[in-house]
Asks: 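Sharing a structure here in structure tokens format.
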Protein chains: 2
Amino acid sequence: MGRRSDHTREELRELILEEGHRQLSEVGFARFSAREVAKGVGYSIGTIYNVFGSYNALMLALNGRTLDIWLASLEERLAGRENDRLDAAIEAYFDFALGRRHAWTALYDFRLPEGELPSESYREKVAAITGVIVREIAAVLPSDARDEALPLARSLLASVHGHCFFALNGTFTMLGEDDPVGAAKARVADALARYS
Amino acid sequence: MGRRSDHTREELRELILEEGHRQLSEVGFARFSAREVAKGVGYSIGTIYNVFGSYNALMLALNGRTLDIWLASLEERLAGRENDRLDAAIEAYFDFALGRRHAWTALYDFRLPEGELPSESYREKVAAITGVIVREIAAVLPSDARDEALPLARSLLASVHGHCFFALNGTFTMLGEDDPVGAAKARVADALARYS
DNA sequence: AAATTAATTGAACGGCGTCCAATTTTTTAA
DNA sequence: TTAAAAAATTGGACGCCGTTCAATTAATTT
């Protein structure tokens, strides 16, 4: 049996998330399984359920971790950068998605049952990433257009997401596009050209 | 047992695709199963495998059918339309995705194993939808910029896709966006403003 | 009518998420 | 210190899944 006194509940949670994220990143969402995570940490499947309650809750926590890493890598890329911060953010978006394909893809492959909302903390993480883009867009907008930063950020995030998604899922390859990042940057520039 | 002489191999294939697409549209990709399709058409699971060879091949055929319907609805929307054809195409994109959520979502939720390419006929269907957009964009481009229609169409498709994806997966709801179609149209207009 | 070919079946396999009674460990109370 | 209560952990059982394949049935050919 167990290793009951080896870990507190919090340590165990962290252990499972650590191993779970490792496995998810390695095998991808389609091949990921809670049972395999249990094996990986040396506990039984029942313990996973005791800690997380369900497969969906585990997946949501793992995707939350991906969002944490994503936000950190985005901020790291922008730190100290003087010029072309928006372009740098787009590059960071693509680099993260390409460099952590499986984890990034799982953010969108996994869906809660219809009608169910992600937890407050998950929504906060999404909002945090969005917030960075809102801030960067506000910075390049004329001061009398600052209130358009949020809707514009949402829309440009969607545009960049679409480019990144097509780059990863093979659509762009099928259509002969060989510079998705360049195309995404061009679309963002087009949108901002409105204001100059 | 069987209904051996009830259907030719082609009829059987069509029967399975019909019922399969009906079920996929009803329950969505996550709950879809080949076994249930077999029940639905009154054959055994083995017959599905005899006709399609694998679950992946069945899914690809079903997604191909979705692309067929999508292309038809896009062309129907444009038929006879004189003005704002690009806006109409964007509306058709969203209407299709929203009106057939499960079928549309399955196009992206289902992924072939890494490295495997979709069949030639599947790629042709994707190219056909793209082709419509290339044609529409070429029509509004200045004549000396016609060779930019293809790359621009790819990029704008990605942008619209991103907006549509966020509209369906809840990201836009999370971020407070309440007019995804309007936002998508605005981004397309921004891109075309380059040329005027 | 017999032999050959093709279509169809469904049990079997290993894997999945989920549940939960039984067990073990820890904590609390006496 | 010991007994009772609470918490953690286990792993078998359930009903699904995609996949395979020997056995069976039906159609076709000889």
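Numbers restart at 1 for each chain; the letters A, B, ... are given by sequence-line order, proteins then strands. All values derive from a computational prediction rather than experimental measurement. Note: hydrogens, waters and symmetry copies are ignored here, and every other heavy atom, side chains too, is used.
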Asks: Looking only at the side chain of A:Ser33 (C-beta and beyond, no hydrogens), which of the listed nucleotides C:dA7, C:dC16, C:dT9 gets closest?
Replies: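 From the listed options, C:dC16 comes nearest.
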
Asks: Whole angstroms only, please: what is the NZ-P distance between B:Lys39 and C:dT8?
Replies: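 B:Lys39 atom NZ is separated from C:dT8 atom P by 20 Å.
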
Asks: So which heavy atom on B:His7 is nearest to which on B:Tyr43, and how close?
Replies: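 Shortest heavy-atom contact: ND1-OH, 3.2 Å.
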
Asks: In residues 46-62 of chain B, what residues come within less than 4.0 Å of DNA chain D, judged by heavy atoms?
Replies: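 Correct list: B:Tyr49, B:Ser54, B:Tyr55.
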
Asks: Between B:Val41 and B:Thr47, is there a side-chain heavy-atom distance shorter than 4.5 Å?
Replies: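 Side chain of B:Thr47 against side chain of B:Val41, heavy atoms only: no contact under 4.5 Å found.
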
Asks: Which whole-number value in Å describes the distance from A:His7 NE2 to C:dT25 C1'?
Replies: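 For the pair A:His7 NE2 and C:dT25 C1', the rounded distance is 16 Å.
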
Asks: Rounded to whole Å, please give me the gap between CD in B:Glu36 and P in D:dG15.
Replies: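 Rounded to whole Å, this separation is 16 Å.
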
Asks: May I have the distance from B:Arg13 (atom CZ) to C:dA7 (atom P), rounded to whole angstrom?
Replies: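 Rounded to the whole Å, the gap is 14 Å.
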
Asks: Mind checking what makes side-chain contact (heavy atoms from CB on, under 4.5 Å) contact with B:Arg13, not counting sequence neighbours?
Replies: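 With sequence neighbours excluded, B:Arg13 shows a side-chain contact (heavy atoms from CB on, under 4.5 Å) to B:Glu10, B:Leu17, B:Val51, B:Phe52, B:Ala61, given in chain and number order.
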
Asks: Within this structure, what is the CZ-to-C1' distance between A:Arg9 and C:dT25, rounded to whole angstrom?
Replies: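 It is 15 Å, rounded to the nearest whole Å.
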
Asks: Figure out the CG/C1' separation between B:Leu12 and C:dT9, and round it to whole Å.
Replies: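 Rounded to whole Å, this separation is 13 Å.
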
Asks: Report the C-alpha separation of A:Asp95 and A:Arg77 in whole Å, then their side-chain angles, then the decisive distance to 0.1 Å, and conclude whether the side-chain contact (heavy atoms from CB on, under 4.5 Å) test is met.
Replies: CA-CA 10 Å; A:Asp95 285 351; A:Arg77 186 73 65 101; 2.8 Å; yes

Asks: With a cut-off of 6.0 Å (strictly less than), are more than 12 heavy atoms of other residues, nucleotides or ligands near CD of A:Glu76?
Replies: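 Incorrect, the count does not exceed 12.
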
Asks: In this structure, how many angstroms lie between the C1' atom of D:dT19 and the CZ atom of A:Arg31, rounded?
Replies: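 These atoms are roughly 14 Å apart.
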
Asks: Could you give the CD1-to-C1' distance, from A:Ile45 to C:dG15, as a whole number of Å?
Replies: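 For the pair A:Ile45 CD1 and C:dG15 C1', the rounded distance is 12 Å.
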
Asks: Testing the basics here: between B:Leu168 and B:Ala97, what is the closest heavy-atom pair and its distance to 0.1 Å?
Replies: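 Residues B:Leu168 and B:Ala97, closest heavy atoms: CD2-O, 3.6 Å.
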
Asks: Using a distance-only criterion (donor-acceptor N/O pair, under 3.5 Å, no hydrogens), is the base of C:dG15 paired with the side chain of A:Arg35?
Replies: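 Flag unset: no donor-acceptor pair detected.
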
